[in-house]
Amino acid sequence: MKPIELSFEFFPPKMAEGVEKLRASRKELAKLSPKFVSVTFGAGGSTQQGTLDTVLEMASEGFEAAPHLSCIGSSKDNLRAILSQYREHGIRHIVALRGDLPSGMGEVGELRYASELVAFIRQEHDDWFDIEVAAYPEFHPQSKSPRADLENFARKVKAGANSAITQYFYNADAYFTFLGEARKLGVDVPVTPGIMPITNFSQLMRFSDMCGAEVPKWVVRRLESFGDDRESIRGFGLDVVTDLCRRLIEGGAPGLHFYTLNGTQASKAICERLGVKSA
Ligand code: FAD
């Protein structure tokens, strides 16, 4: 079997101890030889400095580091300044998103959709950046219809995206069906599944509620039945997500992108079960 192309997503820590924890996490995950690591960006620029600092530190350690950039709540001038800063530091890979405005934050900004951000990046920087965009096998919760969301995905690719990472999901068929439909619309870029390990039931349900990802009923029922038994939750989560990853890879997925939440254990355990060798 050919090696599985891995990437790991982190968020910029706010406190010094979070910074240390993240350093330890990525040192551990580096052993799995990821293709790249990415760092999230708070919509409206709330983590602008933190994202930059984290990305530059990772790049200095030898990782291919990709900052996320969301356009909602930002002016073109601000986005321009951020992009120039990344370019000056030799960063060539970016995850371009619309983002979600935190409640109470009024201004949408000058670019309303990720497709506009992708076009803006291409217009300002030509081919300097390798651009990833988000894809939604279970469709974005605000989309008018599945078809409209697929068309939006195709629009982002047409605007210049090189590849995509999906929202997480637990139903492999959703991914393969989405991919088939996207291919019919002429999308030919790699679409890497986003993988959310299961380690904490209430957190999983909260996140899934927010982003519209479906947790299958049989998984919810089993997780519920474990109550506070975290060991059993982790063990069951590991089985479910490893099986999902195996099906995705066997079905031709180009790699796996892990939402690490700055931890290592779950992503590492899944990769090991999939046969990824540590360096
Ligand atoms: P878009 O592609 O712009 O789509 C947003 C919605 O608008 C969809 O419903 C779409 O169908 C609709 N739409 C698009 N164009 C049009 C149009 N012309 N007319 C009408 N409707 C339209 N959020 C962050 O804040 N920071 C992050 O770092 C971050 N990282 C992420 C990483 C990944 C891999 C993923 C999958 C998501 C991430 N998100 C992040 C969350 C993301 O910002 C939200 O899901 C957001 O709601 C949508 O972003 P998007 O880039 O997919 O938006």
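Every number for a ligand or one of its atoms is a count from 1 in the order of the listing.
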If you take the nearest heavy atom of each of [options], which one is closest to [atom]?
atom: atom 1 (P) of ligand 1; options: L69, I165, N152, T166; value: N152
atom: atom 9 (O) of ligand 1; options: K156, H140, R147; value: H140
atom: atom 13 (N) of ligand 1; options: Y136, Y113, Y259; value: Y113

Please determine whether a side-chain nitrogen of the Lys or Arg among [X] and [Y] lies less than 4.0 Å from a carboxylate oxygen of the Asp or Glu.
X: R80; Y: D77; result: yes
X: R155; Y: E151; result: no
X: E181; Y: K184; result: yes
X: R23; Y: E57; result: yes

Numbering the atoms of ligand 1 from 1, which are under 4.0 Å from a heavy atom of [X]?
X: Q167; answer: 36 (C)
X: A134; answer: 35 (C), 36 (C), 52 (O)
X: Q142; answer: 9 (O)

How far is [atom] from its nearest protein heavy atom, and which residue and atom name does that atom have?
atom: atom 11 (O) of ligand 1; answer: D149 OD1, 2.7 Å
atom: atom 51 (O) of ligand 1; answer: R98 N, 2.8 Å
atom: atom 29 (C) of ligand 1; answer: L97 CD1, 3.3 Å
atom: atom 25 (O) of ligand 1; answer: F41 O, 3.5 Å
atom: atom 23 (N) of ligand 1; answer: G99 CA, 4.1 Å
atom: atom 3 (O) of ligand 1; answer: A114 N, 2.8 Å
atom: atom 47 (O) of ligand 1; answer: D100 OD1, 2.5 Å
atom: atom 32 (C) of ligand 1; answer: H68 CE1, 3.6 Å

Closer than 4.0 angstrom: is that true for some heavy atom of V95 and an atom of ligand 1?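 In this structure, V95 fails to qualify as a contact of ligand 1 - no heavy atom is under 4.0 Å.
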Within less than 4.0 angstrom of ligand 1, does R155 place any heavy atom?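 The answer is yes: ligand 1 sits under 4.0 Å from a heavy atom of R155.
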Measure up the Y259 and H257 rings against each other and bin them: parallel (under 30°), tilted (30 to 60°), perpendicular (over 60°).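 Plane angle over 60°, so perpendicular.
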Measure the acute angle between the ring planes of H93 and F36, then classify it against the limits of 30° and 60° as parallel, tilted or perpendicular.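 Because their plane-to-plane angle lies in the 30° to 60° range, the rings of H93 and F36 count as tilted.
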Where on T40 is there a heavy atom closer than 4.0 Å to ligand 1, on the side chain, on the backbone, on both, or on neither? both
Go through the side-chain N and O atoms of H68 and T40 and say whether any donor and acceptor fall under 3.5 Å apart. no
Would you say the side chains of E110 and S75 form a donor-acceptor pair under 3.5 Å? no
Should T54 and F11 count as side-chain neighbours, where that means a heavy-atom distance under 4.5 Å?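 Side-chain contact under 4.5 Å: no.
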Determine, using the 4.5 Å side-chain heavy-atom cutoff (strictly less than), whether L238 and I233 are members of one ILVMFWY cluster. yes
Using atom types as modelled, flag every donor-acceptor pair under 3.5 Å from a side chain in residues 265-279 to any protein atom, sequence neighbours excluded.
{"from": "K268", "atom 1": "NZ", "to": "E28", "atom 2": "OE2", "distance (Å)": "3.0"}
{"from": "R273", "atom 1": "NH1", "to": "D239", "atom 2": "OD1", "distance (Å)": "2.7"}
{"from": "R273", "atom 1": "NH2", "to": "D239", "atom 2": "OD1", "distance (Å)": "3.4"}

Do T166 and F178 pass the side chain to side chain contact (heavy atoms under 4.5 Å, CB included) test, and can you show the C-alpha distance, the side-chain angles, and the key distance before you say yes or no? CA-CA 10 Å; T166 76; F178 176 84; 5.5 Å; no
State whether the shortest distance between N or O atoms of A148 and N or O atoms of ligand 1 falls below 3.5 angstrom.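 By distance alone, the answer is no.
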Heteroatom proximity flag, S143 to ligand 1, N/O under 3.5 Å: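 So ligand 1 has an N or O lying under 3.5 Å from an N or O of S143.
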